[in-house]
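Numbering of ligands and ligand atoms starts at 1, following listing order.
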Amino acid sequence: MLYVVGLGPGEKEKMSLEAIEIIKKVEVIVGYTTYVRLIKELVGEKEIVSTGMKQEIDRCKKAIELAKTGKDVAVISSGDAGVYGMAGLILELVSQMDEELAVKVIPGITASIAGAALLGAPLMNDFCHISLSDLMTPWTMIEKRLHAAASADFVICLYNPRSKGRPNHLAKALAIIQQYKSKETIIGLAKDVGRKNEQAILTSIGDIDETLVDMTTVVLVGNKATYLSEGRMITPRGYQL
Ligand code: SAH
């Protein structure tokens, strides 16, 4: 059996019981080095196939080859495996195979959901996820989605917001969002959620210090009704109070 397991954002407490049981049960763990480290205590002496970033296809092919020999294999992703993770790639590769292979996807808490809990209750109304990485989606398409989401006043969760290779993507994205939302719109930065340097920062489109944002930050841009109260970011559901 081939499992694709979402580990949650980092700490064991935020993993599902199902994910923990599967990690304990399987014979082989396949994953990006950093994620294998996150679950070191569960992995023990198991066989580990661990590669660096940007080797996803090789890693997934290797996992499929191992599972075809009859071994129980877990491919691990941080957060949820189906949110910019490994679940889609595994299912795409398996769908191209002639032989059958049983695959089970195990959900995990994705960064936006864990980050939202840290920041308060920012996702109480309609929201969307947009990745600012243009490695596999053209920037023109990302811009289109930013226009659509901001004009419809979604709460917007930005993944892959800013990296050394893409230092200006967040600023460019916020410039588009600002065409539809005011400078006072609340932004929550959830950094290293579930990890050692976890941090919640509350700011606004006008005041954001983009240099605080890195590749383990998820950026939550509020809607027009989102407000701050006692250090919490709140998007009203719409109750009459
Ligand atoms: N599958 C992952 C997302 C992978 S894309 C999930 O469901 O969470 C990588 C992006 O996710 C990062 O650039 C960052 O924006 C976000 N992210 C992942 N882990 C995070 C964490 N622990 N804290 C904050 N953001 C995180």
Classify the angle between the aromatic ring planes of Tyr35 and Tyr32 as parallel (below 30°), tilted (30 to 60°) or perpendicular (above 60°). perpendicular
Grab the two heavy atoms, one from Cys60 and one from Leu89, that are nearest each other, plus how far apart they are. SG-CD2, 3.7 Å
Proximal candidate to atom 26 (C) of ligand 1 [heavy atom criterion; set Ala87, Ala111, Gly82, Pro9]: Ala111
In ligand 1, which numbered atoms sit nearer than 4.0 Å to a non-hydrogen atom of Ser78? 1 (N), 2 (C), 6 (C), 7 (O)
Are side-chain N/O atoms of Tyr159 and Thr110 paired as donor and acceptor at under 3.5 Å? yes
Taking Ile20's backbone N and O only, do any of them form a donor-acceptor pair with Lys12's side chain (distance below 3.5 Å, no angle check)? no
Give the numbers and elements of all ligand 1 atoms closer than 4.0 Å to a heavy atom of Tyr84. 4 (C), 5 (S)
Going by the 4.0 angstrom heavy-atom rule, the piece of Val193 near ligand 1 is both
Run the salt-bridge test on Lys68 and Glu65 with the 4.0 Å N-O cut-off and return the result as yes or no. yes
Of the listed options (Asp214, Asp192, Val83), which comes nearest to atom 1 (N) of ligand 1 when hydrogens are ignored and any heavy atom counts? Val83
Output the list of atoms in ligand 1 that are nearer than 4.0 Å to some heavy atom of Tyr159, sorted by atom number. 3 (C), 8 (O), 10 (C), 11 (O), 15 (O), 16 (C)
Once you restrict to heavy atoms under 4.0 Å, what part of Ser77 touches ligand 1? Side chain, backbone, both or neither. neither
Ser77 side chain to Asp80 main-chain N or O, any donor-acceptor pair under 3.5 Å? no
Could you tell me, atom by atom, which parts of ligand 1 come under 4.0 Å of a heavy atom of Thr216? 23 (N), 24 (C), 25 (N)
Closest non-hydrogen contact found for Thr235 with Pro122 is OG1-O, 2.7 Å
What atoms of ligand 1 come closer than 4.0 angstrom to any heavy atom of Ala190? 24 (C)
Protein heavy-atom partner closest to atom 12 (C) of ligand 1 - residue, atom, separation in Å: Met215 O, 2.9 Å
Show which atoms of ligand 1 fall inside a sub-4.0 Å distance from at least one heavy-atom site of Asn160. 5 (S), 9 (C), 10 (C), 12 (C), 13 (O), 15 (O)
Side-chain donor or acceptor of Lys181 paired with backbone N/O of Gly222 under 3.5 Å: yes
Relative to the heavy atoms of Thr110, which atoms of ligand 1 are at a distance of less than 4.0 Å? 6 (C), 7 (O), 8 (O)
Counting from 1 in the order shown, the ligand 1 atoms closer than 4.0 Å to a non-hydrogen atom of Arg195 are 19 (N), 22 (N)
